[in-house]
Asker: 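One structure follows; several queries about it will come next.
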Amino acid sequence: MELPKISENLQKRIISAGLLAPVVLFIIWRGGALYDTLIVLAAVIMSFEWSGIVNSPNKPDIDAETRKKWMTYGIFY
């Protein structure tokens, strides 16, 4: 039985997750200022990802009002 092929993008994400997971788990276990920094960094990365999804050029039929509404929803997310 042959395994299904995965995209190069997914391969990179799996490898980076495997490398970063031990570091993140250590930071969570350790706590303190390092943990606070990790949380802020994660929030910043998530906001960039959300903005990229909402403002994707693959969705040209979405008007500016709808994009603004989804960006606002992202704050609560």
Side-chain angles (χ1 to χ4, degrees):
M1 182 170 146
E2 187 174 323
L3 293 174
K5 301 232 182 220
I6 58 176
S7 70
E8 185 177 334
N9 185 20
L10 182 57
Q11 285 178 337
K12 288 179 183 177
R13 289 177 180 262
I14 291 170
I15 291 169
S16 65
L19 294 173
L20 289 174
V23 175
V24 170
L25 290 173
F26 173 77
I27 291 171
I28 291 170
W29 175 73
R30 187 72 194 252
L34 202 54
Y35 175 76
D36 296 340
T37 304
L38 175 69
I39 297 301
V40 169
L41 181 62
V44 168
I45 291 170
M46 284 176 55
S47 69
F48 278 110
E49 288 285 331
W50 186 259
S51 177
I53 290 169
V54 171
N55 296 313
S56 173
N58 296 334
K59 305 280 186 190
D61 56 333
I62 297 177
D63 60 19
E65 183 74 23
T66 304
R67 289 183 195 274
K68 185 177 178 181
K69 180 173 64 172
W70 278 106
M71 286 299 288
T72 304
Y73 290 158
I75 293 169
F76 298 105
Y77 174 67

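Predicted model, so just to flag it, every value in this text is computed and none were measured. We're numbering straight along the sequence, starting at 1.
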Asker: Any sub-3.5 Å donor-acceptor pair from R67's side-chain atoms to V54's backbone N or O?
Answerer: yes
Asker: Of the non-hydrogen atoms in W50 and W70, which two are nearest, and what is the gap between them?
Answerer: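 Heavy atoms of W50 and W70 come nearest at NE1-O, 2.9 Å.
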Asker: So, does T37 use its side chain to make a donor-acceptor pair with the main chain of A33 at under 3.5 Å?
Answerer: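 Yes: the side chain of T37 pairs with the backbone of A33.
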Asker: Extract all donor-acceptor atom pairs below 3.5 Å that involve side chains of residues 5-28 and protein atoms in other chains or at least two apart in sequence.
Answerer:
| from | atom 1 | to | atom 2 | distance (Å) |
| --- | --- | --- | --- | --- |
| S7 | OG | L10 | N | 3.1 |
| N9 | OD1 | R13 | NE | 3.4 |
| S16 | OG | K12 | O | 3.2 |
| S16 | OG | R13 | O | 3.0 |

